Structure formats: structure tokens, C-alpha cells
Amino acid sequence: MSQEPVRDPSGYETVRSVDPAVADALEDELGRQRDTLAMIASENHVSEAVLEAQGSELTNKYAEGYPGERYYAGCEHADTVEELAIERAKELWGAEHVNVQPHSGTQANMGVYTAILEPGDRILSLDLNHGGHLSHGHPANFTGQTYEVEQYEVDPETGYLDYEGLRETAESFNPDVIVSGFSAYPREVEFERVQAAAEAVDAYHLADIAHITGLVAAGVHESPVGVADFVTGSTHKTIRAGRGGIIMCDEEHADDIDAAVFPGAQGGPLMHNVAGKAVGFKEALAPAFEDYAEQVVTNAQVLADRLQERGLEVVSGGTDTHLVLVDLRPSHPDTTGKEVEAALEEAGLVLNANTVPGETRSPFNPSGIRAGTPALTTRGFREAEMERVADLIADVVEAPDDADVRAAAAETVDGLTDDHPLYE
Ligand code: DSN
């Protein structure tokens, strides 16, 4: 019988030596991120430190339970990492209790629903076409299949949330939870007004700040922490802490939330991702993060202003956040979001087609585009670069079928990416 070890312990092999096909794809993805402008509002570029933590040996460790109370041995370093992530999150957002184990923003929402709802209970949330999220009750999602769902909307005239309509719907629907916090809403959310509506009907209030975690942490967006009963978020968007989710609440709900996440909704936590969260949260506690978050919003405002100067309709007339939503119908009634998304991608600008309030097309080929500034701001883009980017978008929207326009835009993108290198 061979005495050879099953695996050569002398060294860890590289992805390239083990799996050239995956190595090629990874290299290509790095090249794609370097050479294009990431403008999907929910994306960002994490630091190399966060990448290292997420690629660490903690991926090998099972750590069901919580620090000091695990179901398996060997969790002392997992405990250290999770405790650091929790303490830093508490400092960033000022929460009494934090659970850093949700695998994603949707899993964080699932944790809260599991803690407070029974199947058949009622959720009141924003319509997906108006900026809501799948995990807030869409029929294709477990939420829409498990709970009874009613939706509120934005005011079709202003594009701002219709808080009065929300309150009236709450009074007639009598929900168990009202969900605020959105995926494609460009304006500051008035969490106190949602909370007042929730209190009026004796419902919980879940504020899902997945998109604006970084803006809230930096104080450039109102915070729902201490206002809403539960605050959920993802950790890879404006906060730049790598893939994952998070739940915050007051101490009174701590045990219910922890039990709902594990064992209620998840098994073993992804400890390598928790390590990424700890590192990203530390980075966000540095004063420079406030400058970053302020610049994210300034950049989005410059983008919105310039797109409007170029004749495009920006939903709500501008933005208070990291994203801009363009309704193509008034200026380009025959052009769809998907056509623009494809033409821009060819030019090296990567954003997404998006539904808009009062959508008249389908979610697969909607009437709008959504553009975000978190990743470009991480690359060092400021006002001047954002004006150029806005012009490129407007040029391509005006002539999505014109190869010369796309080629000219691609040349400008090359210059911008060369001037703002990524992961050198
Ligand atoms: N898919 C994300 C977004 O783009 O908003 C939310 O989960």
C-alpha cells in the first residue's frame, strides 16, 4: 500500500496549477474590474485587507453558536474575530446588539422575519417597481410565499416616498411588520415617519439599510438605529466590508434575533466572511471613511445634475444618496433600460437596467437605469470625473446603436481607469 500522503503537505497549490479554467476566469474578472467603471449601485471594491481576510483559513472552520458558546471545539480564534466584528459594528452604528452571522442581506431579513413572524403574518413594504427589494415580500421570494404582503409606493409626481399613503395602507392592512429601506430609492428615508406609522398600528418596524450602511455609519444619512425595532444590512455595498449581512437591534430582542439566525435560519456561520466584516468595519471607523461617504453622495449629486442638464429625467429630480435612477421614457420613449445597459457595457460602463415608479414595461426590460457611485468613489473619482462619466452615459443613451459613440466612450473609460488604477 502506498505510503504517499493523500495531499502533498509541503505547500499549498495555486488556483492556476490546480484549475486553469477557474484561474483564467478569476484573472479575467480582475481585468474586467480594472478596465471598466463599476456603477451598479450595490457594488463596491473592498480593500486588499478585506480580500485577504475573506480568503483566509477561517473558511475551514465550523463555529455554530456564538462567541464563548459554540457547538464545536477549536473556536477560540473564530471567537476573537466575531467579537471584534460585533464590537466594531456597535461602534459604527451605535447599536445595542449586533448579529454579524447572516450570510447576506436577504438572510439578515430572514433572521428578523423568523424572529417575529409566523407563516401567514403580514408584511407591509415598498413595491419592487418603486425601489423595494425581493426579500421584502415579492411573490417569487420566500417572503411572498410565506407571508401576506401589501405594498406602499412612492408619489408618482415627486418620486418621494408617500408617507401618508404608507400610513393609510398600514391602517387598513394592519401589518405585523412595516419594512423600510430600499434598493432603488435615491432620497433620504425619514425613518421616524415610518416608525410613527408602525406604532400607530402596533407593528414592528424593520429598516433594511443594505444600500446605505456606509452612509449611515458615516453620518451622511439619517440613522434608523434606536428608531426602528430592527435594522438589517449587507456589508459589501457602501460599507466595503465584503460579502455578508448584519442585524442590529435593542438588547430586548437580542436573544430572539440570535436564535432566529442560528439555529433558526442558518447553520454554521461563514467565519471567513465574518473576518472580512471585522476588517472592513475597522477601516470604516477611520476618519477617512467619513470623507469617502460624503464624496459618494457628492459624486451621485454631480451625476444627477449633469444627466439632467443633458435632458434626462432623474426620478425625484436628484439624489441624497449614492444612487441615481433615470426614467428613460420622457426623453427617449423608444429606448429601454436593457438596450442602454448593453450599449454602456460595451463602452465599459457597467450599470443596470431598473424598473421605475409607474413602470410600463417588464422587470426584464424596464424603462430605467440605476447608477451608483460607491465603487467609482473608492477608485478616487471626484466631481470632474463624474461629470465626464455623466456625459458618456448621456452620449450613449442618445445613440445606443452608434458604434462610433460607444467607441469614443470606451476610449474615455480607458483613460479614466488608467488614471485610477485598481488592485495594483
Ligand atoms: N441585488 C442588490 C441590488 O442590486 O440592489 C440587492 O440585493
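For this chain, numbers begin at 1 and follow the sequence in order. A quick note: this is a predicted structure, and the numbers were derived from the prediction, not measured. Just follow the structure's listing: the first ligand is 1, and inside any ligand the first atom is 1.
A cation-pi geometry, defined here as NZ or CZ lying under 6.0 Å from the six-membered ring centre and within 45° of its normal, does not hold between Arg122 and Tyr147.
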Full working for ring-ring contact (aromatic ring centres under 6.0 Å, His included) between Tyr152 and Phe173: CA-CA 11 Å; Tyr152 56 93; Phe173 181 60; over 10 Å; no
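Residues His97 and His253 have side chains that never bring a donor and an acceptor to within less than 3.5 angstrom of each other. In summary, the side chains of Thr378 and Arg240 do present a donor paired with an acceptor at a separation below 3.5 Å, with no hydrogens or angles considered.
Within 4.0 Å of ligand 1, protein heavy atoms belong to Ser42, His133, Ser183, His211, Lys237, Arg370, listed by chain and number.
The pair Glu383-Arg388 does not count as a salt bridge, with every side-chain nitrogen at least 4.0 angstrom from each carboxylate oxygen.
Partner of Gln301 under the side chain to side chain contact (heavy atoms under 4.5 Å, CB included) criterion, chosen from Thr319, Val324, Thr321: Thr319.
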